[in-house]
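Below is one structure, written out as structure tokens, with a few remarks after it.
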Amino acid sequence: MYKIPANTLFLGKQLVFVPECHSTNTLGLQLGQNPSTVEGTTIITNKQTSGRGQRGNTWEAAPGMNLTVSIILKPGFLAVKDQFYLTIVSSLAIYDFLQGKTDLPIAIKWPNDILVQNKKICGILIENMIQGSTLATAVAGIGLNVNQMEFNVDSATSLKLLIQKETPIESVLHDVLGYLEKRYLQLRHQQYVQLKQEYLSKMYWRNELRTFASNEGTFQGAIREIDDNGKLIIETDDGLSFFSIKEIQFIE
Ligand code: BTN
């Protein structure tokens, strides 16, 4: 159903197409446990019946209209403490892809939602399998809204809504894999500083005074940075506070 990409070295060279599945990430985690599964193995489906999102949420996507894909990586070179760099490279890859498609403003909403004109076009779910102090296998799951025109929520958008034309899912797949491979190779070449700097420069709400909600209620502050573990650092009148994904919500 989908052709093997010609524009990559190893991502997508093993391409598993399933017309329907619960979740490509769940399949990816199962395949990733098999030692004979090669790095770059990519699972793509037309329809997920239990697509999974961040924070235990579900991921809804109209069948056949969007990119729902999971890529198996073997980042044995990456220390567990640096696992947030997988979030950085996958977010930047989607940013790169969208930048090639539109001049509209794109931003990465920490940790890895991609927004265009303040609306979410892509969600990423990275699931890691850890062995000792390194990452044996990681599954990068990407849900990118491509040709869907209607959403249940006003905060979502798609490529077609932005550029007013259909894009074949296969070409989106090939482009995304190409960009992801480039960014992943940067990581393999240990370009940590450059990758983090680029991620920070594209971050939604960075250095703006905004309202957030934590377990202790709402507060105002400005996103400054991420720490070495990928925690969000927000500056308030009381100083710097550090948040993991379940501890903070963006309000307005
Ligand atoms: C989020 O924003 O909450 C992350 C959504 C990730 C969705 C993708 S779709 C392909 C892959 N398979 C899944 O079950 N989830 C990811």
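Counting starts at 1 for both ligands and their atoms, in listed order. Since the model is a prediction, treat every value here as computed from it, not as a measurement.
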Original post:
With no hydrogens and no angle check, do the side chains of Tyr179 and Gln99 hold a donor and an acceptor under 3.5 Å apart?
Top reply: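 No.
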**OP:** Compute whether any side-chain donor of one residue and acceptor of the other, for Gln54 and Asn112, lie under 3.5 angstrom apart.
**Re:**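 Side chains of Gln54 and Asn112: pair found under 3.5 Å.
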Structural part of [X] in contact with ligand 1, heavy atom criterion under 4.0 angstrom:
{"X": "Ile124", "value": "backbone"}
{"X": "Thr26", "value": "neither"}
{"X": "Ser70", "value": "side chain"}
{"X": "Arg55", "value": "neither"}

Subject >> Any side-chain heavy-atom pair of Leu135 and Leu86 under 4.5 Å >> reply: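 Yes - at least one pair of side-chain heavy atoms lies under 4.5 Å apart.
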**OP:** May I ask you to check whether Phe212 and Trp205 place their ring centers less than 6.0 Å from one another?
**Re:**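 Centroid distance Phe212-Trp205: below 6.0 Å, so yes.
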Original post:
With Phe10, which of Leu185, Val38, Leu177 fulfils side chain to side chain contact (heavy atoms under 4.5 Å, CB included)?
Top reply: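 Single pass found, and it is Leu185.
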Original post:
Testing Ile88, Ile94, Val89 for side chain to side chain contact (heavy atoms under 4.5 Å, CB included) with Leu92, which one passes?
Top reply: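 It is Ile88; the other options fail the test.
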Among all protein heavy atoms, pick the one closest to [atom] and tell me residue, atom and distance.
{"atom": "atom 3 (O) of ligand 1", "result": "Gln54 N, 2.7 Å"}
{"atom": "atom 10 (C) of ligand 1", "result": "Thr24 OG1, 3.3 Å"}
{"atom": "atom 12 (N) of ligand 1", "result": "Gln48 OE1, 2.8 Å"}
{"atom": "atom 15 (N) of ligand 1", "result": "Arg52 O, 2.7 Å"}

Original post:
Is the closest heavy-atom distance from Asn57 to ligand 1 below 4.0 Å?
Top reply: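 False for this residue.
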Original post:
His22 near ligand 1, heavy-atom distance under 4.0 Å?
Top reply: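 False for this residue.
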Original post:
Against heavy atoms of Gly51, which atoms of ligand 1 measure under 4.0 Å?
Top reply: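 So the answer, numbered in order with elements, is 14 (O).
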Original post:
Do we get Lys202 above Tyr95's six-membered ring, with its NZ or CZ under 6.0 Å from the centre and within 45° of the axis?
Top reply: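 Yes, a cation-pi geometry.
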